[in-house]
Amino acid sequence: NFVCSNTGVCPGQLAKRIEGFARRTRMDIEGLGREVAIQLVDSGLVKSIPDLYRLTKKQLLALEKFADTKAQKLLDGIAASKDRGLARLLPALSILYLGEALAEVLAEEFPSADAIIAAKPEELAKVKGFGPERAKYIREYFDSEVGKKVIAGLRELGVKLTHDKKAAPAGGLPLAGKTV
């Protein structure tokens, strides 16, 4: 079992991360599947996740199998993903042991990337379903050079780094005060 120690720049790893980033349950970028992810990385247009948000139609049209419609569809999908919010962005960043369900829980507790960045490991560990091990991986990502660059790039490019907390159900809980 081999592990790539340079995950930030390894082309195979990066293409997989870009594909995972675009997944429907994450940033939901239409037109960005495995083939396109590999093509964007191999062409040198995408060296990190924020590079997706810097792509231009002219760059895409220079790629093989990219006509005007396909290029525009991808750019529209990337633009739409900017507003998905923190709960969708966190699992899209490929942080070890942080999938969609737990990202939602984390975003409810820490509703901005800044709040997560400021959180101590023991605060993250208290989040339901987390614990010290998972908290350590989150801290490592946000403290790493790659993590800092990705977050700074996404912030600069207008990607939503906050979470809109779910409103409590109107009228309180339906079974509140009742014995079942």
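No experiment lies behind these values; they were computed from the predicted model shown. We count residues from 1, following the sequence as given.
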Test of understanding: clusters of I, L, V, M, F, W, Y form through side-chain heavy atoms closer than 4.5 Å, transitively. Do Leu45 and Val41 belong to the same one?
yes
* Just do the side-chain hydrogen bond (donor to acceptor under 3.5 Å, both in side chains) check on Ser94 and Tyr141 with the steps written out, would you? => CA-CA 9 Å; Ser94 303; Tyr141 178 82; over 6 Å; no
*asked:* If hydrophobic clusters are built by linking Ile, Leu, Val, Met, Phe, Trp and Tyr wherever their side-chain heavy atoms come under 4.5 Å apart, do Tyr53 and Leu161 end up in the same one?
replied: yes
dist Ile116:CD1 -> Leu106:CG (nearest 0.5 Å) comes out at 4.0 Å
**Q.** Residues, nucleotides or ligands: over 12 heavy atoms within 6.0 Å of Glu35 CD
**A.** no
- [ ] With salt bridge (Lys or Arg N to Asp or Glu O under 4.0 Å) as the test, would you mind laying out the steps for Asp143 and Arg139 before giving the verdict?
- [x] CA-CA 6 Å; Asp143 292 341; Arg139 270 280 39 97; 3.0 Å; yes
Residues pairing under salt bridge (charged side-chain N to carboxylate O under 4.0 Å, His left out) where one sits in residues 66-80, two or more places apart or in two chains, turn out to be Glu30-Lys73, Lys57-Asp68
- prompt: Is it true that Leu157 and Ile117 fall in one hydrophobic cluster, defined by side-chain heavy atoms closer than 4.5 Å?
  reply: yes
Query raised in the report: Ignoring hydrogens and geometry, is there a side-chain-to-backbone donor-acceptor pair from Asp28 to Thr25 under 3.5 Å?
Result: no
| Side-chain heavy atoms under 4.5 angstrom apart, residues restricted to Ile, Leu, Val, Met, Phe, Trp, Tyr: same cluster for Ile78 and Ile38? | no
| request: Tell me, yes or no, whether the heavy-atom count around Arg34 atom CZ, taken from other residues, nucleotides or ligands under 6.0 Å, exceeds 12. | output: no
Checklist entry - Counting only N and O atoms by type, is there a donor-acceptor contact under 3.5 Å from the side chain of Arg26 to the main-chain atoms of Phe21? => result no
Only one of Arg84, Met27, Lys82 passes side-chain contact (heavy atoms from CB on, under 4.5 Å) with Leu89, and that residue is Met27
